[in-house]
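These numbers come from a predicted model, not from an experiment. Just so it is clear, the values below take in all heavy atoms, side chains as well, and ignore hydrogens, waters and symmetry mates. Counting from 1, the numbers follow the sequence of the chain as shown.
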Amino acid sequence: MGMLAAAAADSALLASPQASLVRRRRRLSGAWALRLRPATSHGVAALRVQSFVPKCYVTNVEVDVSTVNKEETFDDHPSLPSVCSIPVVNLRGDVLDSSPFPLHDRASCPSDFEELPVLSEGEQHTLASTPAHPAGLYALYASYLFGNLVEQLWNFAWPAALAILHPNLLPVAIVGFFTKLSVFVGAPIVGKLMDHFPRIPMYTALNAVQVATQLISAATVIYALRNLSHGSTTAVVLRPWFIALVAAGAIERLAGLALGVSMERDWVVLLAGTNRPVALAQANAVLNRLDLVCETVGASVFGLLLSRYHPVTCLKIACGLMICSFPVLVMLGQLINRVSCHALDSSRTATDESICTDLLDVRRIVQNSLSAIKHGWNEYKQQTVLPASAATVFLNFNVALAPGAIMTALLMHRGISPSIVGAFSGLCSIMGLVATFISSSLVKRVGILKAGAAGLIFQASLLSIALTVYWAGSISQRTPLLIFLASIALSRLGHMSYDVVGTQIVQTGVPASKANLIGGMEVSIASLAELVMLAMAIIANDVSHFGFLAILSVSSVAGAAWMFCRWLTNPTDEQRELFMFDPLYQVQAV
């Protein structure tokens with residue numbers, strides 16, 4: 001009995017994940033047939049199996065059978081649950097003998113074991129390009145498109161309404177400053193919460209918070225448009241309605257960014273597949289295209305409404321869209337999970353109620369925020385893909401040589417025609433859209449790592465050309481001006497390409513249990529970078545200081561390219577293992 005129990009224990013060990021490391025011999029005697037009988041309600045005893053694997057294949061295991069009784073039962077072990085069934089295994093002497101089973105010897109192997117299925121190179125490329133849950137991805141695109149469209153419309157609506165309300169830019173700047181500050185402080189704690197809550201309930205809650213704060217913000221602006229007469233800037237920013245607008249705007253932006261991080265860093269990875277790089281690159285590219293389309297359409301729609309209706313009427317229309325968006329987004333979230341075979345129900349980390357309760361304690365909000373930032377930073381700096389994420393943060397320092405308020409102010413100050421300024425902004429948007437197509441093609445051809453390096457080097461090179469033309473002091477002339485603007489517009493190809501590729505690198509390198517925490521921390525640091533550049537722009541507020549801001553912008557992009565390329569050329573073992581299928585490290589291995 002003792003030897004038979006030992007044999008049973010070894011068979012259980014061979015069914016474990018460490019089966020390839022196990023070699024055992026047992027001597028059994030006599031005429032033999034080993035039968036394992038499942039427990040029944042009549043009390044037939046058997047071994048308790050804690051974890052049963054339906055199919056387990058063990059290779060290169062030597063079995064020598066010579067000593068076993070004809071038939072034995074296990075009477076001193078607790079019975080198995082009635083739902084557990086173990087098939088009868090008959091060992092016959094004409095099948096197994098005391099010699100090892102030589103899989104390498106084709107002549108002595110059964111025909112079923114002569115060849116193991118191996119995917120061809122074409123099949124591997126096909127698999128890499130096929131999403132794990134294509135129907136779930138399409139539902140994700142629909143949810144992302146609808147939610148982002150409403151969000152971008154509101155992002156254009158509130159500053160436009162404030163500009164109509166008061167001609168000074170200070171109210172808009174104050175709301176923007178506290179929005180960035182809230183993201184810097186709150187993104188780590190929200191990311192940590194998202195990693196400890198189920199995905200679908202958290203998605204529903206964030207949508208509810210975002211819609212509610214958008215409605216509160218719209219109500220405050222409508223109240224101001226109806227009741228406020230023109231007064232000093234100080235009188236405006238100290239009003240209760242403006243304070244409520246600042247608070248609601250900060251919470252709304254934080255909820256919106258949390259939803260973006262959740263979809264772009266977590267959901268899309270599960271639906272496309274972490275081991276399917278081309279499919280993931282294509283999914284990231286589609287999300288970026290939708291974002292650019294929503295940004296353009298949202299601003300255009302609200303601008304068209306403002307040209308035809310009173311601002312209060314336009315805000316009421318926006319409020320109606322916000323109210324309608326909530327049930328639609330909740331329904332789409334449920335649909336994504338349903339058509340993807342409930343992939344979003346897979347657990348990341350065990351839900352710890354004590355952690356969630358502590359994080360939501362309003363009385364300790366400052367302490368929790370500092371603790372979350374410290375914890376998030378410690379996790380962030382330990383990631384293998386830290387240089388790739390840091391390169392994304394560095395790109396946020398480029399506020400001068402990019403389409404935006406500073407560039408517009410420079411061009412208008414130099415007397416450039418508004419039509420040229422408008423054409424420049426449109427060309428930059430087109431380049432960003434084209435880059436989403438180029439990035440997925442680059443990933444397919446040269447791999448994700450080389451594609452990222454190409455995007456950063458391309459952007460840094462073109463911005464260097466633009467900086468050289470600017471310092472030549474001749475952008476008031478037509479040809480140098482066109483070269484200056486064309487270099488900046490073409491640099492958006494590299495910028496948006498790396499935006500797609502860098503996101504995928506971080507998606508690949510960060511475990512699902514920390515996806516939201518690391519994503520929130522990256523957004524927080526990027527907001528800090530924007531705050532720093534905002535402070536620089538305030539200090540160097542004269543257009544004559546644009547050259548200083550341009551140098552900072554080019555330096556940040558060049559630093560991002562240098563950091564990323566250095567990371568590629570000096571890989572760690574963990575980095576090689578993480579990107580073992582990338583062509584860069586496959587070629588180096590050969």
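- In this structure, S182 and I251 have side chains that are not in contact, with every pair of non-hydrogen atoms separated by 4.5 Å or more.
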Report task. Walk me through it: do V434 and L493 pass the test side-chain contact (heavy atoms from CB on, under 4.5 Å)? Result -> CA-CA 7 Å; V434 171; L493 287 172; 4.0 Å; yes
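- When the salt bridge (charged side-chain N to carboxylate O under 4.0 Å, His left out) test is applied to R265, the partners found at least two apart in sequence or on another chain are E522.
- Smallest separation of non-hydrogen atoms from V500 and A285: CG1-N, 3.9 Å.
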Query - Worked verdict on Y380 versus V510 for side-chain contact (heavy atoms from CB on, under 4.5 Å) - result: CA-CA 9 Å; Y380 180 74; V510 176; over 6 Å; no
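- Formation of a donor-acceptor pair under 3.5 Å by the S429 side chain with backbone atoms of S425 is found in this model.
- Within the structure, salt bridge (Lys or Arg N to Asp or Glu O under 4.0 Å) contacts touching residues 428-442 (residues at least two apart or in different chains) do not occur.
- Using a distance-only test at 3.5 Å, with no hydrogens or angles considered, no donor-acceptor pair links the side chain of S441 to the main chain of I438.
- By the 4.0 Å N-to-carboxylate-O rule, R253 lies close enough to E151 to be salt-bridged with it.
- Relative to the ring axis of Y223, R239 does not place its NZ or CZ within 45° and under 6.0 Å from the centre.
- Residues A489 and L427 come closest through the heavy atom pair CB-CD2, 3.6 Å.
- More than 12 heavy atoms of other residues, nucleotides or ligands shown are found within 6.0 angstrom of NZ on K381.
- At least one donor-acceptor pair under 3.5 Å links the side chain of N378 to the backbone N or O of K374.
- The side chain to side chain donor-acceptor pair (under 3.5 Å) contacts involving residues 131-144 comprise S143-Y203, Y144-E264, where partners must be two or more places apart or lie in separate chains.
- A donor-acceptor pair under 3.5 Å is formed between the side chain of S340 and the backbone N or O of I336.
- Partner R199 forms a side-chain hydrogen bond (donor to acceptor under 3.5 Å, both in side chains) with one of D266, D345, N516 and no other, that one being D266.
- Proximity of V385 to L578: side-chain heavy atoms (C-beta onward) are separated by under 4.5 Å at one or more points.
- Q210 has its side chain out of reach of M322: every pair of non-hydrogen atoms, C-beta onward, lies at least 4.5 Å apart.
- Checked by atom type and distance alone, the side chain of T213 pairs as donor or acceptor with a backbone atom of V209 at under 3.5 Å.
- When side chains are defined from C-beta on, L549 does not count as touching H545, because their heavy atoms never get closer than 4.5 Å.
- Applying the 6.0 Å contact sphere to CZ of F178 captures no more than 12 heavy atoms from other residues, nucleotides or ligands.
- In summary, of the residues considered (L332, L271, L335), a side-chain contact (heavy atoms from CB on, under 4.5 Å) with L140 occurs for L271 alone.
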Query raised in the report: Are M263 and V268 close enough, and set up right, to give a side-chain contact (heavy atoms from CB on, under 4.5 Å), and what steps lead you there?
Result: CA-CA 6 Å; M263 286 190 165; V268 70; over 6 Å; no
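- Judged as a ring-ring contact (aromatic ring centres under 6.0 Å, His included), and not counting sequence neighbours, the contacts of F564 are Y498, W567.
- Closest approach of A343 and L270 over heavy atoms only: O-CD1, 4.0 Å.
- Looking at heavy atoms from C-beta onward, H495 lies out of side-chain contact with L456 at the 4.5 angstrom threshold.
- In this structure, the side chain of Q383 engages the main chain of E379 through a donor-acceptor pair within 3.5 Å.
- Applying the side-chain hydrogen bond (donor to acceptor under 3.5 Å, both in side chains) rule to T384 yields the partners E574; only residues at least two apart in sequence or on another chain are considered.
- In this structure, the side chains of M407 and F424 come closer than 4.5 Å at one or more pairs of heavy atoms.
- Using a 4.5 Å heavy-atom threshold, the side chains of L290 and V286 count as touching.
- None of S556, S553, S491 except one satisfies the side-chain hydrogen bond (donor to acceptor under 3.5 Å, both in side chains) rule with N398; the exception is S553.
- There is a side-chain donor-acceptor pair under 3.5 Å between W267 and S262.
- Taking E252 as the reference, nothing meets the salt bridge (charged side-chain N to carboxylate O under 4.0 Å, His left out) condition, with sequence neighbours excluded.
- A donor-acceptor pair is defined here as one N or O able to donate and one able to accept, closer than 3.5 Å; such a pair exists between the side chain of S307 and the backbone of L304.
- Contact annotation: the side chain of F302 approaches that of L315 to within less than 4.5 Å [non-hydrogen atoms, C-beta and beyond].
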**Report entry** Test log, rule side-chain contact (heavy atoms from CB on, under 4.5 Å), inputs V443 and Q282
**Finding:** CA-CA 9 Å; V443 170; Q282 292 171 345; over 6 Å; no
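- The shortest heavy-atom contact between S527 and F184 is CB-N, 4.2 Å.
- Annotation for S439 and V501: closest pair CB-CG2, 4.2 Å, computed over non-hydrogen atoms.
- Side chain of R492 to backbone of M431: no donor-acceptor contact under 3.5 angstrom is found.
- A donor-acceptor pair is defined here as one N or O able to donate and one able to accept, closer than 3.5 Å; such a pair exists between the side chain of N396 and the backbone of T392.
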